[in-house]
Structures are given as C-alpha cells and as structure tokens.
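Just so we're on the same page: letters track the sequence lines, and every chain starts at 1. For the numbers below, each heavy atom of this structure counts, side chains included, while hydrogens, waters and symmetry mates do not. None of these values were measured; they are calculated from a predicted model.
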Amino acid sequence: DGGITQSPKYLFRKEGQNVTLSCEQNLNHDAMYWYRQDPGQGLRLIYYSQIVNDFQKGDIAEGYSVSREKKESFPLTVTSAQKNPTAFYLCASSWGDLAKNIQYFGAGTRLSVL
Amino acid sequence: GEDVEQSLFLSVREGDSSVINCTYTDSSSTYLYWYKQEPGAGLQLLTYIFSNMDMKQDQRLTVLLNKKDKHLSLRIADTQTGDSAIYFCAEPIKAAGNKLTFGGGTRVLVKP
C-alpha cells in the first residue's frame, strides 16, 4: 500500500533531551513537509524539502532540525532548544512545486513532555 | 495567525446540510483544497476546486468558489455522525513555491 508512515504514534520527551520523529513515504513524492498542530489550532509549517539534500525553514523552525538524505525519508528532530514541544506533529508529502500541490498526510505523532 | 480564515465551530443536526466557510488571500491561487481531520488522525483530502470553476459537486460535497470575494465554501448534504471532524481549507501561495497555507479549521459537531 502506498502512503506515509509516521512513527512513533506517541512520544515522550524528558527535559533537555533531543527526540527524533520518523516520516517515510513510498509515493515517490519529491516534496515533504513537517507541520505542528496545537490543540484547537491549525497547522503551522516547521520545515519542508522539495528535493533530496535540500530543505527550507518554515514559519516556526526554531528548536527543530531536519535532514533529507533519501527521497522517501524526512526525519524531524525536536531539540532541547524547543521549550514548548508538546503538540501533534504531522508529516506530509506531495509532487512538489506545481500548481496542483495536493499534500498527503501521515497519521501523526503526539509528543508530550515528561 | 493564519491568513486563511475560517469560523471555529459548527453544530448541525443529523440529516441537515452543513456549510463551512473560508476566506483566502492569494487571488492567483490555481487550486483550493478542503481537508478533513478526524480525532487523533492526520488530514485527509476531501476535495479541491480549480480556480476557473465556480462550483464542484462530488456526491454529498459541493464546493462553491467566489473569486471576487476570495470566498470558498464546503456544503455537506445529509450530514451524518461520521462527518463530525475538523475541516480545513488550504490555498497554495504562489510567491512561496506553492506551499499550502491552512486555515485554523472548523470543528463540525453532528448531533443525532
């Protein structure tokens, strides 16, 4: 089955710890995205990548880092510099910089602070 | 805050029609999208409309587009309890490589 897989579904972070959220897609999409969703709010873009080995900051990149070493993978690291990491994190992918930029989403990872 | 605006909440009785409204910003947007999010899940694409269309119908869903007012609406006919979810409209921003900007979402509650 084609799709986007995020893992883990739930993640807990201790004070001062970095944690990495996984996102894998087998849709052969060029572009991948990370969003943060806070309760009762919309999506805010953290980072995006339109091609392997390249990525750009979104609206709220501070305290986060990403890599794009493979087309199918776009892991997000929530660093200790992110002081309020508790949120629902969503990964998406699309064909990229086209007028019809339909994004397909994973099921999300819920991150909480211990 | 979001540049794409939506009302926060809509309550509707089962069997009635729901209308969810959205105001977007980029008049050059070629496509506009509606996504659905069920509790604890990711976003699922419901439908989209090309900007040269005024209306698109897909089974129980009707999308209306008013480009002059930059207003988009989603009508769900015969609303069911399974339609209870958060609905997001989204537009690509041409100046930003067609990245999608999402509205804040409208929570729809369907009462039996």
Side-chain angles (χ1 to χ4, degrees), chain A residues 3-10 21 23-25 27 29-51 54-61 87-112, chain B residues 1-10 20 22-53 56 58 85-109:
Chain A
I4 301 174
T5 302
Q6 289 187 243
S7 63
K9 191 171 174 64
Y10 300 96
L21 285 61
C23 179
E24 304 275 331
Q25 54 100 359
L27 299 168
H29 284 165
D30 293 311
M32 296 186 75
Y33 310 81
W34 274 106
Y35 293 91
R36 171 180 171 139
Q37 185 179 28
D38 291 285
Q41 296 189 31
L43 280 67
R44 291 185 290 169
L45 183 65
I46 305 172
Y47 267 100
Y48 66 104
S49 167
Q50 294 184 310
I51 196 168
D54 188 41
F55 48 83
Q56 285 78 40
K57 293 181 180 180
D59 301 318
I60 55 163
F88 190 49
Y89 290 87
L90 288 161
C91 178
S93 70
S94 74
W95 290 113
D97 186 13
L98 300 172
K100 191 176 178 182
N101 187 17
I102 295 175
Q103 293 186 16
Y104 296 87
F105 284 80
T109 293
R110 189 166 298 280
L111 176 61
S112 302
Chain B
E2 288 87 10
D3 294 325
V4 179
E5 295 186 351
Q6 299 180 239
S7 52
L8 284 177
F9 184 73
L10 175 67
I20 307 165
C22 170
T23 303
Y24 61 97
T25 61
D26 188 349
S27 58
S28 67
S29 292
T30 51
Y31 289 89
L32 294 150
Y33 306 90
W34 283 104
Y35 283 86
K36 176 184 181 182
Q37 184 182 33
E38 296 184 359
L43 273 67
Q44 168 196 354
L45 179 69
L46 266 184
T47 187
Y48 60 89
I49 187 166
F50 187 50
S51 60
N52 69 352
M53 298 170 67
K56 178 181 178 181
D58 183 1
I86 303 174
Y87 292 80
F88 293 93
C89 63
E91 64 164 337
I93 304 297
K94 195 173 182 181
N98 284 319
K99 291 198 317 293
L100 290 185
T101 295
F102 289 82
T106 300
R107 184 178 295 273
V108 174
L109 176 64

Under 6.0 Å from the CG atom of B:L109, do we count more than 12 heavy atoms belonging to anything else shown? yes
Does the side chain of B:Q37 come within less than 4.5 Å of A:L90's, by heavy atoms? yes
Quick one: are A:L43 and B:L43 in side-chain contact, heavy atoms under 4.5 Å? yes
Inter-residue atom distance B:F88.CZ - A:Q37.CD, 0.5 Å rounding: 4.5 Å
Partner set under side-chain hydrogen bond (donor to acceptor under 3.5 Å, both in side chains) for A:D54, not counting sequence neighbours: A:Q56
Hey, does the side chain of A:Y33 reach the backbone of B:K99 with a donor-acceptor pair shorter than 3.5 angstrom? no
Would you say that B:Y35 contacts A:I102 through its side chain, given a criterion of any heavy-atom pair below 4.5 Å between the two side chains? yes
For B:L45, which atoms come within 4.5 Å of any heavy atom of chain A: side chain, backbone, both, or neither? side chain
